[in-house]
2 protein chains.
Amino acid sequence: MKLVRSSGYSATSVDQLCAEAGVTKGAFFHHFPTKEALGVAAAEYWSASTSGYFAAAPYHHHADPVDRVLGYIDFRMALIGGPVEGFSCVAGTMVQEAFRSSAAIRVACEASIMGNAKALEADLADAIAQRGVRGTTPESLARHVQTVIQGSFVLAKTQNGDASADLAREQLGHLRRYFSMLFGAAREENLQ
Amino acid sequence: MKLVRSSGYSATSVDQLCAEAGVTKGAFFHHFPTKEALGVAAAEYWSASTSGYFAAAPYHHHADPVDRVLGYIDFRMALIGGPVEGFSCVAGTMVQEAFRSSAAIRVACEASIMGNAKALEADLADAIAQRGVRGTTPESLARHVQTVIQGSFVLAKTQNGDASADLAREQLGHLRRYFSMLFGAAREENLQ
DNA sequence: GACTGGATACCGACTGGTTGGTACGTTTTT
DNA sequence: AAAAACGTACCAACCAGTCGGTATCCAGTC
């Protein structure tokens, strides 16, 4: 995770990986047939650990589905801080490099990102139904959350120091505002 | 451009570059001292060619600044189609890989992305002033446009075939809706 | 208009180090 | 005793970058 997030997938060599993990090359290739397989496993591990992390987060307790959705965004914003390597996404980083060269990695990263999106769909569906939002779907909005998150990481990488985290947080603020308006405005309209 | 967009920066070798360009390695290293210098030059070329392209686009003619901003988004949406390599961003792709290993490339990509954002700031400032939007700045909104664009490219890379372009276009649709609500709702509020 | 000298453009073989991956032996677990 | 885990030495291919040489251009000179 550490090496891929700071150097990218292809610039990270198997030798570096082994040195960082305190493992010999023989052991590495005993467990993974190729470097590509490690990439797939990394995406799957990332997927499993993040989905577990978000499932245990506190924002699920809100009664109002809109509060749950905004709570998720607030939670994501609170996670952003320090150097980019500390909050960026392994799947997003890998798929950018490997989408054409490795179908297996592409699919694993797709599963990670879309799986993360899927965890929001139920709350978004409730929010849409309750506030009578039209013209979009919970699936599309869930993807938009991921879009803004991934995009904020790209822009964060153009900065150095604290500016990275500040920029990423600022951008999630716009996502929050969009959802706030989308569900808030629809509510007012609904009450007329 | 072609090789970086489809294979990424570090997975693209100087030999491949030379073969693709029909140039020998001697010629390459005559013009660029290092591969990194080519990366910087690529970002600068990308920056110059895209800014020229957008400066000549038709959306500037609208009288209403909000129409100019939405026109920009529509223009970007119209550019999306075919394989991801055809519409993705060279600067966004490179900075993801090289932000830690090469400060020069990071800065060149920052200049490209932020320069593209800057081109929208005047219209956004006019729109904010005219509609009385509060709580954000033209700079922040301009960055948000780039965030959604870059994020949509990342998500597009998780898909294959036509689904890539469809997903990217769908996501720019949310950006359009956000701006539409932000400036539209503020207008109604303003007229009360 | 022919000649010259120096600068620039370009070529392609070469180098030292690195790459992902293998072969084969040894240790540890079951 | 068998199988899984792990270590070491090694390999061919490839990597960015170098180097000595050649071709081309152009300003100045006669």
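In what follows, every heavy atom counts, from backbone to side chain, and hydrogens, waters and symmetry copies are set aside. Proteins come first, then strands; the chains are lettered A, B, ... in the order of their sequence lines, and each starts at number 1.
A salt bridge between A/Glu139 and A/Arg143 is absent, with no side-chain N of the basic residue lying under 4.0 Å from a carboxylate O of the acidic one. Salt bridge status for A/Asp64 with A/Arg131: present, with a side-chain N to carboxylate O gap under 4.0 Å. Contact check on A/Lys2 versus A/Glu85 returns no salt bridge, with no Lys/Arg side-chain nitrogen under 4.0 Å from an Asp/Glu carboxylate oxygen.
Rounded to an integer number of Å, the gap from CG of A/Leu38 to C1' of C/dG21 is 14 Å. Atom-to-atom, CD1 of B/Ile105 to C1' of D/dA16 comes out at 13 Å; the value is rounded to the nearest Å. The distance from atom CZ of A/Phe29 to atom P of C/dT19 is 12 Å, rounded to the nearest whole Å. For A/Gln16 and C/dG21, the CD to P distance is 15 Å, given to the nearest whole Å. With rounding to whole Å, B/Leu17 atom CG is found 17 Å from D/dC14 atom P. B/Lys35 has its NZ atom 13 Å from the C1' atom of C/dT18, to the nearest Å. To the nearest angstrom, P of C/dT22 lies 14 Å from CG of A/Asp15. Rounded to an integer number of Å, the gap from B/Phe32 CZ to D/dT18 C1' is 18 Å.
Close to D/dC6, at under 4.0 Å from its OP1 or OP2, lies a side-chain N or O of A/His31. Phosphate contact (OP1/OP2 of C/dT19, side-chain N/O of A/Ser13, threshold under 4.0 Å): present. Between A/His30 and the phosphate of D/dC6, there is no side-chain N or O to OP1/OP2 separation shorter than 4.0 Å.
A tilted orientation is assigned to the rings of A/Phe32 and A/Phe28, their planes being inclined by 30° to 60°.
Within the 3.5 Å criterion, the main-chain N or O of B/Arg106 finds no donor-acceptor partner in the side chain of A/Lys157.
Between the base of D/dG17 and the side chain of B/Lys25 there is a donor-acceptor pair shorter than 3.5 Å.
Nearer the 5' end of DNA chain C, as judged by each residue's closest nucleotide, is the contact made by B/Ala27, out of A/Thr12 and B/Ala27.
Listed candidates were D/dA16, D/dG17, D/dC6. Nearest to the side chain of B/Val14 is D/dA16.
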